[in-house]
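A short write-up of the structure that comes next.
In what follows, every chain begins at residue 1, and chains take the letters A, B, ... in the order their sequences are listed.
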Amino acid sequence: MRVTEWHKLPVSLTELCINTSLRCGQSFRWRKSTEDEWSCGLHGRILSLRQDSEYLHYRAIFPSTKPPTPPSSTATSAAQSVEADEDDTLAFVKHYLNLGPNLGQLYEQWASTDPNFRKRAPKFTGVRMLRQDPWEALIGFICSSNNNISRISSMVSNLCLHYGPLIGHIDNVPYHDFPTPEALADPKVEAHLMKLGFGYRAKYIYKTAVMVASKGDGIAWLNGLCNPELPAFGERIGEAGELVEGGRDGYRKAHEELLALHGVGPKVADCVCLMGLGWSESVPVDTHVWQIAQRDYRFGKGRNSSLTAATYTAVANHFRKLWGKEAGWAHSVLFTADLKAFSERLVEKKVKEEENVIKEEADEPTVHNVHIKTSTSRKRIQPASGDKEHDVIKVEEKVVRRSKRMRN
DNA sequence: AGACTTCCTGCTCC
DNA sequence: AGGAGCAGGAAGT
């Protein structure tokens with residue numbers, strides 16, 4: 001193995017908080033390699049990240065067989081090859097962490113148009129959408145149906161262990177790259193994944209791998225669905241057009257195409273669009289987001305009493321209208337704020353607020369608005385107070401038709 | 001179009 | 001103790 005030195009980038013915690021962004025349910029493979037270090041096998045190397053208040057620190061570990069130094073090479077060319085790898089890792093880190101958008105500015109924008117965002121976001125700054133490999137995102141979110149983050153993580157880890165190329169080890173823990181579509185398109189895969197506890201998702205993964213692998217040149221088809229302004233790593237930049245209510249044309253097309261894959265419905269397609277394909281207006285509406293929409297945005301009444309395909313589109317369009325082009329990013333902040341794994345931040349907040357109440361008791365009666373989940377049940381969340389029938393948000397958009405499913 | 005059922009597994013709850 | 005009930009859905013009816 002070849003271990004590079006640590007490098008650093010100036011990044012504030014409000015622009016990127018890896019401790020939140022790497023475990024808020026958008027990626028499933030990062031693990032803590034030491035107390036304050038996150039590592040993941042990506043793009044032929046083990047990438048490790050650390051962060052302090054001023055810098056993001058990164059390091060790559062390459063397999064010893066990766067850069068095959070030609071026997072005829074001179075010392076100069078060997079140095080150049082190391083140099084090229086370093087540059088590649090920096091470029092990859094910037095690409096993967098999606099460091100372009102000014103997150104602090106976006107938070108201000110979302111807070112200015114949405115009181116609920118303003119209320120909930122302060123404890124969850126630095127939640128940045130990663131730009132993951134589209135293929136990995138696709139398979140990861142196929143695994144996510146009827147599932148939870150920790151089990152999804154172990155399933156994806158198993159996929160890499162059995163079908164992904166080994167890159168190297170840290171403290172005897174193996175790190176693999178994500179398997180290719182071809183590796184998962186083997187007819188033995190379905191039964192094997194079944195045995196590994198993937199359940200009904202085993203068939204989805206196998207069939208989707210066959211379909212993607214049969215599209216021709218590897219994953220070019222999938223990468224071709226990327227937002228041209230944020231293309232796959234190493235590809236050329238184009239233009240994506242203006243945001244309209246249902247999202248830009250490229251987003252709608254990508255979403256529709258993804259629906260043709262087995263195991264991919266509207267929610268999974270939106271996750272891939274947002275987290276793999278760079279379509280920032282994509283708003284995946286899962287059961288949690290649906291709960292948030294009912295609790296804080298007056299959904300769940302009248303025609304929108306249940307999460308149907310029409311309601312799904314209505315919720316997503318509402319958030320696009322409210323938050324703008326990066327609606328999916330804002331959605332992810334509120335989603336993270338509702339995750340049970342981060343609920344201790346809300347408890348701390350409540351304790352602080354109670355302390356403040358005691359301190360300022362004489363000043364003014366204080367209304368407690370902070371909603372704390374004390375049970376694991378999310379089914380009986382109270383609707384926002386003051387709901388009126390005429391405030392109910394109605395379905396305004398035609399439901400996007402599901403494209404015909406390819407069968408073999 | 002919307003409501004309902006089934007699908008795998010692992011966990012919590014009672 | 002052991003069976004509902006549920007968890008960051010999709011597909012079929």
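- A straight line from NZ of A:K203 to P of B:dC8 spans 7 Å, rounded to a whole angstrom.
- Rounded to whole Å, the P atom of C:dA4 lies 14 Å from the corresponding atom of B:dT6.
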Task: Secondary structure string for DNA chain B (Watson-Crick or G-U under 3.5 angstrom, | for other-strand pairs) - done: ..|||||.||||||

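- A cation-pi arrangement is found for A:R45 relative to A:F92, the charged atom lying closer than 6.0 Å to the ring centre and inside a 45° cone about the ring normal.
- Sequence neighbours left out, the pairs with a member in residues 225-240 of chain A that pass salt bridge (charged side-chain N to carboxylate O under 4.0 Å, His left out) are A:E229-A:R248.
- Below 30°, between 30° and 60°, or above 60°: for A:Y200 and A:Y204 the angle between ring planes is above 60°, a perpendicular geometry.
- Put simply, A:S145 has no side-chain N or O that comes within less than 4.0 Å of OP1 or OP2 on C:dA10.
- A salt bridge (charged side-chain N to carboxylate O under 4.0 Å, His left out) check over residues 132-141 of chain A, counting only residues at least two apart or in different chains, returns the pairs A:R29-A:E136.
- Counting non-hydrogen atoms under 4.0 angstrom, A:N147 reaches the backbone sugars and phosphates but no base.
- For the P atoms, the distance linking B:dT5 with C:dG5 amounts to 13 Å, nearest Å.
- Rounded to whole Å, the distance from CZ on A:F141 to C1' on C:dG9 is 13 Å.
- With both ends at atom P, the span from B:dT9 to C:dA1 equals 25 Å, rounded to whole Å.
- Regarding A:K207, its NZ atom lies at a distance of 16 Å from the P atom of C:dA10, rounded to whole Å.
- Atoms CG (A:L307) and P (B:dA1) sit 15 Å apart, rounded to a whole Å.
- Across the protein-nucleic acid pair, A:L196 atom CG and B:dT9 atom P stand 11 Å apart, rounded to whole Å.
- If you check residues 16-27 of chain A against DNA chain B, you find no residue with a heavy atom closer than 4.0 Å.
- Evaluation of the side-chain contact (heavy atoms from CB on, under 4.5 Å) rule for A:S153 yields A:F28, A:I149 as partners, not counting sequence neighbours.
- Ionic pairing of A:R320 and A:E245 is not present here: no N-O contact between side-chain nitrogen and carboxylate oxygen is shorter than 4.0 angstrom.
- One interatomic measurement links the two molecules: OH of A:Y204 to P of B:dT9, which rounds to 14 Å at whole-angstrom precision.
- Annotation: salt bridge (charged side-chain N to carboxylate O under 4.0 Å, His left out) contacts involving residues 260-278 of chain A, sequence neighbours excluded, are absent.
- Regarding contacts with the backbone of C:dA7, every side-chain N or O of A:T287 stays at 4.0 angstrom or more from both OP1 and OP2.
- Judged as a side-chain contact (heavy atoms from CB on, under 4.5 Å), and not counting sequence neighbours, A:V244 has no contacts.
- Between the base of C:dG9 and the side chain of A:Y312 there is no donor-acceptor pair shorter than 3.5 Å.
- In terms of the side-chain contact (heavy atoms from CB on, under 4.5 Å) criterion, residue partners of A:R50 (sequence neighbours excluded) are, by chain and number, A:W6, A:T34, A:D36, A:E37, A:H57.
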For residues 187-196 of chain A, which side-chain donor-acceptor pairs fall under 3.5 Å, sequence neighbours excluded?
unit_1 : atom_1 : unit_2 : atom_2 : d
A:H192 : ND1    : A:Y163 : OH     : 2.5

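- Between A:N146 atom CG and C:dG5 atom P there is a gap of 16 Å when expressed in whole angstrom units.
- Across the P atoms, C:dA10 and B:dC11 are found 23 Å apart, a figure rounded to whole Å.
- A:R151 places its CZ atom 6 Å from the C1' atom of B:dC8, with the value rounded to the nearest Å.
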